[in-house]
Amino acid sequence: QVQLVESGGGLVQAGGSLRLSCAASGGTFSRYTLGWFRQAAGKEREFVAAITWMPARTKYTDSVKGRFTISRDNAKNTVYLQMNNLKPEDTAVYYCAARKIGTIATLAAEYDYWGQGPQVTVSS
């Protein structure tokens, strides 16, 4: 059973940066597709970014392209989300997710494991 533990959330001013980390234990983590989703208050969970195993293909939702970068370190069983030039509309709970099938996926239902979700708050 894969367990995902996230860290790195917090409060930041608009234009600032944060890096989220998600450490995994159990399972064949290195072969999984990994993703980040977010859920703002009163809204549905939405796809943010995903990265496959090998080759490491990435995909981003349009609103974060050029500002967010997803990466993974298979030796450390960790996936990262570097978030730059943050905007108030990025405020949400951010969830790390793992998918056993190694292709890109953007729907929450396509992921098998989830982290607990740290809060990211961007003040204007």
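In this text, all values refer to a predicted model and were calculated from it rather than measured experimentally. The analysis underlying the following values was restricted to heavy atoms, covering all of them including side chains, and did not include hydrogens, waters or symmetry mates.
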Trainee: So, taking the atom named CG in Asp90 and the one named CZ in Phe68, what distance separates them when rounded to the nearest 0.5 Å?
Mentor: 4.0 Å

Trainee: So, taking the atom named CG in Asp112 and the one named CD in Gln1, what distance separates them when rounded to the nearest 0.5 Å?
Mentor: 9.5 Å

Trainee: Glu89: what forms a side-chain contact (heavy atoms from CB on, under 4.5 Å) with it, not counting sequence neighbours?
Mentor: Lys87

Trainee: Any non-hydrogen side-chain atom of Trp53 less than 4.5 Å from a side-chain atom of Leu34?
Mentor: no

Trainee: Residues two or more places apart in sequence or in another chain: which of them pass side-chain contact (heavy atoms from CB on, under 4.5 Å) with Ile104?
Mentor: Ala50, Thr52, Arg57, Lys59

Trainee: Does the side chain of Leu81 come within less than 4.5 Å of Arg38's, by heavy atoms?
Mentor: no

Trainee: With sequence neighbours left out, which residue pairs that include part of residues 58-88 fulfil the disulfide (SG to SG under 2.5 Å) condition?
Mentor: none

Trainee: Please enumerate all residues that pass side-chain contact (heavy atoms from CB on, under 4.5 Å) together with Asp73, with sequence neighbours excluded.
Mentor: Ala75, Lys76, Tyr80

Trainee: Quick one: do Tyr95 and Ile51 end up in the same hydrophobic cluster if we chain Ile, Leu, Val, Met, Phe, Trp and Tyr together by side-chain heavy atoms under 4.5 Å apart?
Mentor: no

Trainee: Run the side chain to side chain contact (heavy atoms under 4.5 Å, CB included) test on Val2 and Tyr32 for me, step by step, so that the C-alpha distance in whole Å, both residues' side-chain angles and the decisive distance to 0.1 Å come before the verdict.
Mentor: CA-CA 10 Å; Val2 173; Tyr32 292 173; 3.3 Å; yes

Trainee: Would you say Tyr111's side chain and Ala105's backbone share a donor-acceptor pair under 3.5 angstrom?
Mentor: yes

Trainee: State, without any angle test, whether Arg67 and Ser63 hold a side-chain donor-acceptor pair at a distance under 3.5 Å.
Mentor: no

Trainee: Determine whether Phe47 and Leu4 fall in the same hydrophobic cluster, where Ile, Leu, Val, Met, Phe, Trp and Tyr are linked whenever their side-chain heavy atoms lie under 4.5 Å apart.
Mentor: no

Trainee: With side chains defined as the heavy atoms from C-beta onward, is the minimum distance between Trp36 and Cys96 less than 4.5 Å?
Mentor: yes

Trainee: Grouping I, L, V, M, F, W and Y whenever their side-chain heavy atoms are under 4.5 Å apart, do Tyr113 and Val79 come out in a common cluster?
Mentor: yes

Trainee: List the atom pairs, donor and acceptor, that lie under 3.5 Å between side-chain atoms in residues 10-20 and the rest of the protein, sequence neighbours left out.
Mentor:
| unit_1 | atom_1 | unit_2 | atom_2 | d |
| --- | --- | --- | --- | --- |
| Ser17 | OG | Asn84 | OD1 | 2.9 |

Trainee: Are Val48 and Ile70 linked, directly or through intermediate hydrophobic residues, by side-chain heavy-atom contacts shorter than 4.5 Å (ILVMFWY only)?
Mentor: yes

Trainee: Applying side-chain hydrogen bond (donor to acceptor under 3.5 Å, both in side chains), name anything that partners Ser71, two or more places apart in sequence or on another chain.
Mentor: none

Trainee: Between Glu6 and Gln116 (side chain of the first, backbone of the second, donor and acceptor by atom type, cut-off under 3.5 Å), is there such a pair?
Mentor: yes

Trainee: For the pair Arg72 (side chain) and Asn74 (backbone), establish whether a donor and an acceptor sit closer than 3.5 Å, ignoring hydrogens and angles.
Mentor: no

Trainee: Are the side chain of Arg99 and the backbone of Glu110 linked by a donor-acceptor contact shorter than 3.5 Å?
Mentor: yes

